[in-house]
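In what follows, a single structure is set out as structure tokens and then discussed.
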Amino acid sequence: MGAITASLSAPALAYLFLPPKARKDESWTDVGDITYLTPNQPVEMAFRRNRVDGWKVVSEKLTAWVVKTPSGKVSAFGPQCTHLGCAHHWDDAKSQFVCPCHNSLFAIDARSSTVRRPARSIVMRPNSKAANYC
């Protein structure tokens, strides 16, 4: 009886008193060569990223809009509008990002100006690390 109690209580004690397994910091994802980007011309770049879900490793295909400024600074944005999550796109004729769900328009800097609402901003979590190339 004592052996059964010990074998059942050991996992419970470990769960209660040992710290949880530390999470690894997310690594940056390389989306491609940005040296060939034209300033003020957004490019939608597709890339793959591995995501760990419990014991399962999932390879996901993602996209990001990458914009290089004339000064050489590079920003990457997720492809979903912040209002309803619709996929926005770059319209060359308007020189703006356009969200088809509610016709929201965003300036090329994507941060400071929403030309037409209801979306407040296009800013989202960055998808890639462009810092090494700036």
Side-chain angles (χ1 to χ4, degrees):
M1 185 73 163
I4 294 173
T5 303
S7 65
L8 292 176
S9 63
L13 292 172
Y15 174 78
L16 292 172
F17 295 112
L18 294 178
K21 186 177 176 182
R23 269 193 155 176
K24 292 182 181 178
D25 290 335
E26 275 194 45
S27 61
W28 291 95
T29 302
D30 183 13
V31 299
D33 187 6
I34 60 171
T35 57
Y36 299 105
L37 292 177
T38 305
N40 287 335
Q41 185 61 42
V43 175
E44 187 173 25
M45 300 180 92
F47 59 96
R48 294 199 80 74
R49 179 181 72 173
N50 290 333
R51 180 177 54 88
V52 178
D53 186 12
W55 291 272
K56 183 178 173 183
V57 177
V58 179
S59 179
E60 300 174 315
K61 182 180 177 187
L62 302 169
T63 62
W65 282 98
V66 181
V67 182
K68 185 177 188 178
T69 64
S71 65
K73 183 180 176 189
V74 177
S75 298
F77 304 97
Q80 292 87 19
C81 176
T82 55
H83 181 236
L84 291 176
C86 299
H88 57 75
H89 64 276
W90 177 253
D91 188 333
D92 281 325
K94 294 180 181 178
S95 293
Q96 295 173 328
F97 286 103
V98 178
C99 176
C101 290
H102 289 103
N103 245 1
S104 293
L105 300 173
F106 306 96
I108 192 165
D109 66 0
R111 295 172 198 258
S112 61
S113 57
T114 301
V115 180
R116 187 186 309 150
R117 299 199 179 232
R120 299 209 181 280
S121 170
I122 199 173
V123 175
M124 286 165 268
R125 296 178 304 275
N127 284 328
S128 66
K129 183 178 187 177
N132 290 339
Y133 301 97
C134 298

Between [X] and [Y], which heavy-atom pair has the shortest distance, and what is it?
X: Ala46; Y: Lys61; result: CB-CE, 4.0 Å
X: Ala87; Y: Pro100; result: O-CD, 3.4 Å
X: Met45; Y: Gly32; result: CE-CA, 4.1 Å
X: Trp65; Y: Pro42; result: CE3-CB, 3.9 Å
X: Phe47; Y: Thr63; result: CE2-C, 3.8 Å
X: Lys68; Y: Thr35; result: NZ-O, 3.9 Å

Checklist outcome for this item: Grouping ILVMFWY residues whenever side-chain heavy atoms fall under 4.5 Å, the cluster of Leu8 otherwise contains Ile4

Checklist entry - Which ILVMFWY residues can you reach from Leu13 by hopping between side chains whose heavy atoms are under 4.5 Å apart? => result Tyr15, Leu16, Phe17

Between [X] and [Y], is any pair of side-chain heavy atoms under 4.5 Å apart?
X: Gln96; Y: Asp91; value: no
X: Asp92; Y: Gln41; value: yes
X: Val43; Y: Tyr36; value: no
X: His89; Y: Val98; value: yes

Item to check | Verdict with supporting geometry, Phe97 and Val67, side-chain contact (heavy atoms from CB on, under 4.5 Å) | outcome: CA-CA 12 Å; Phe97 286 103; Val67 182; 4.3 Å; yes

Checklist entry - Rounded to the nearest 0.5 Å, what separation is found between the CD atom of Glu60 and the CZ atom of Arg48? => result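 Here the interatomic distance stands at 9.0 Å.
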
Checklist entry - NE2/His88 to SG/Cys101 distance, rounded to the nearest 0.5 angstrom? => result 11.0 Å

Next on the checklist: Ser7: which residues meet the side chain to side chain donor-acceptor pair (under 3.5 Å) condition with it, sequence neighbours left out?
Outcome noted: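 For Ser7 there are no side chain to side chain donor-acceptor pair (under 3.5 Å) partners, ignoring immediate neighbours.
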
